[in-house]
Amino acid sequence: MLSDALDTVAGWPVAAAVGVRDAARVLATTGPDGQAFRWASVTKMLTATAVLVAVEEGIVDLDAPAGPPGSTLRHLLAHASGLSRDSDRVQAPPATRRVYSNRGIEVAAEALEAAAGMTFGEYLRAGVLEPLGMSATVLEGSPAAGASGPLRDLLRFGGELMAPTLLSPATLAAATSVAFPDLDGVLPGFGHQSPNDWGLGFEIRSHKSPHWTGAANSPSTFGHFGLSGAFLWVDPAAGVACAGVAAEDFGPWAAAAWPALADAVLSACPPA
């Protein structure tokens, strides 16, 4: 049963809240689902969604130049611009390596801000958070890592990623498919991956090993986790999403607990 899977969270060495949903509703939660936690890099999925909303509104173009020479907004969102993790130093030409880059996501947000004539935070609030009812989620600081909010809001976002209302299904499908295939790189916390597949702001599970999702997750699973101990994954093949927030930063506890939880959740949920 799904409740049995979530009961394992009580054995984690950290305080946490975890929930599971399908496209229509939240199926089960455990822990304080209304308490705000830091989301850290889970923020990147919110930022990518805001950029994609702006693309559909005609405010920005994914293939317009942005970032270092030869890079576009698409490269920035896919961690393929070559920008280093936290500075404007260029580590590789565009589309030659998957260089995980907080700075790249920030530059993408800056491009949207300039085109929209409003702060990125204002656009995120009006374009994503308010329409989804994520009233308790706030962005303070970097568009790459500055969001915080409760589990219930993160699960609302997970629902949007399963049955989009802000984006066309085609746009979401493209964003959660591999962009710039066959690029190698490092998945933070889990080492070198060949290939290190990403979509546009969303990490794609593919056949990565080791990984923070479970062995039972399909290769089409997408999502993100944060250094704060937050995570959200969506498995389209299973028709289920799982999200969590925690009071302790990512570490060995999460690398062990999250895949085991994912396998238990998928075992408890009937196929889509």
Side-chain angles (χ1 to χ4, degrees), residues 40-56 59-113 115 120 124 128 142-145 157 161 164 167-208 211-213 219-226 232-234 236:
S41 284
V42 174
T43 306
K44 291 179 173 66
M45 294 191 291
L46 287 178
T47 296
T49 301
V51 172
L52 293 169
V53 168
V55 169
E56 291 200 340
I59 296 172
V60 295
D61 184 333
L62 284 174
D63 296 312
S71 172
T72 65
L73 200 54
R74 189 185 304 273
H75 289 101
L76 293 169
L77 293 179
H79 298 286
S81 71
L83 281 177
S84 65
R85 182 161 181 158
D86 292 304
S87 77
D88 289 320
R89 183 171 64 89
V90 177
Q91 292 188 208
T96 60
R97 284 172 52 197
R98 195 80 67 184
V99 182
Y100 183 82
S101 177
N102 293 322
R103 182 60 187 141
I105 300 299
E106 291 169 350
V107 172
E110 290 167 4
L112 170 54
E113 189 171 74
F120 178 75
L124 177 67
V128 178
S142 171
F157 184 55
L161 299 179
L167 300 171
S168 70
T171 294
L172 180 61
T176 55
S177 300
V178 179
F180 308 104
D182 302 321
L183 298 186
D184 294 349
V186 173
L187 175 62
F190 292 90
H192 182 80
Q193 306 284 339
S194 181
N196 188 18
D197 287 340
W198 288 76
L200 301 181
F202 302 89
E203 191 218 332
I204 314 298
R205 193 203 192 289
S206 297
H207 298 284
K208 294 171 182 164
H211 198 257
W212 56 278
T213 63
S220 62
T221 299
F222 62 88
H224 218 297
F225 78 89
L232 169 63
W233 57 256
V234 176

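All values below come from the heavy atoms of this structure, side chains included, with hydrogens, waters and symmetry mates left out.
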### Task
Go through D63 and R74 one step at a time and tell me if the salt bridge (Lys or Arg N to Asp or Glu O under 4.0 Å) criterion holds.
CA-CA 6 Å; D63 296 312; R74 189 185 304 273; 2.8 Å; yes
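- In this structure, K208 contributes its side chain and D197 its backbone to a donor-acceptor pair below 3.5 Å.
- Across all non-hydrogen atoms, the minimal contact from A115 to V60 is CB-CG1, 3.7 Å.
- Taking the six-membered ring for Trp and thresholds of 30 and 60 degrees, W198 and Y100 have ring planes inclined between 30 and 60 degrees apart.
- Classification of D184 and R97 as a salt-bridged pair fails, no side-chain N sitting under 4.0 Å from a carboxylate O.
- T72 has its side chain out of reach of L62: every pair of non-hydrogen atoms, C-beta onward, lies at least 4.5 Å apart.
- With hydrogens and angles ignored, the 3.5 Å screen pairs no side-chain donor or acceptor of T171 with any backbone N or O of L167.
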### Message
The test is side-chain contact (heavy atoms from CB on, under 4.5 Å); show your working for H79 and I105 and say whether it passes.
### Response
CA-CA 8 Å; H79 298 286; I105 300 299; 4.1 Å; yes
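- Side-chain contact between I59 and L112 is present, with heavy atoms from C-beta onward closer than 4.5 Å.
- Contact between L73 and A111 at its shortest, heavy atoms only, is CD1-CB, 4.2 Å.
- Within the 3.5 Å criterion, the main-chain N or O of V186 finds no donor-acceptor partner in the side chain of Q193.
- No more than 12 heavy atoms of other residues, nucleotides or ligands shown are found within 6.0 angstrom of NE2 on H207.
- Taking 4.5 Å as the limit, every side-chain heavy atom of R205 sits out of range of all side-chain heavy atoms of S220.
- In this structure, E106 and P143 have side chains that are in contact, with non-hydrogen atoms separated by less than 4.5 Å.
- Contact annotation: the side chain of V99 approaches that of Q91 to within less than 4.5 Å [non-hydrogen atoms, C-beta and beyond].
- No donor-acceptor pair under 3.5 Å is formed between the side chain of T96 and the backbone N or O of A92.
- Between A80 and L183, the shortest heavy-atom contact is CB-CD1, 4.0 Å.
- Between H75 and F180, the distance from one ring center to the other falls under 6.0 angstrom.
- Counting all heavy atoms, side chain and backbone alike, P68 lies closest to L83 at CD-CG, 3.7 Å.
- The structure places CG of L52 at 12.5 Å from CE of M45, a figure rounded to the nearest 0.5 Å.
- Residues K44 and T47 bring no donor and acceptor atom of their side chains to less than 3.5 Å of each other.
- Counting heavy atoms from C-beta outward, V55 and D61 have side chains that stay 4.5 Å or more apart.
- When every heavy atom of F202 is checked against every heavy atom of A48, the shortest pair comes out as CE1-CB, 4.4 Å.
- Residues L161 and F222 form a side-chain contact, since some pair of their non-hydrogen atoms from C-beta on lies under 4.5 Å apart.
- For the residue pair E203 and W233, no side-chain donor N or O sits within less than 3.5 Å of a side-chain acceptor on the partner.
- Across all non-hydrogen atoms, the minimal contact from A78 to A179 is CB-CB, 3.9 Å.
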### Message
Between R103 and S87, does the side-chain hydrogen bond (donor to acceptor under 3.5 Å, both in side chains) criterion hold? Intermediate values first, please.
### Response
CA-CA 6 Å; R103 182 60 187 141; S87 77; over 6 Å; no
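- Residues S81 and P94 fail the side-chain proximity criterion, which asks for heavy atoms closer than 4.5 Å.
- With hydrogens and angles ignored, the 3.5 Å screen pairs no side-chain donor or acceptor of S71 with any backbone N or O of G67.
- Of the inter-residue distances, the one linking I204 atom CD1 with T221 atom OG1 reads 9.0 Å to the nearest 0.5 angstrom.
- In summary, the side chains of S101 and R85 do not present any donor paired with an acceptor at a separation below 3.5 Å, with no hydrogens or angles considered.
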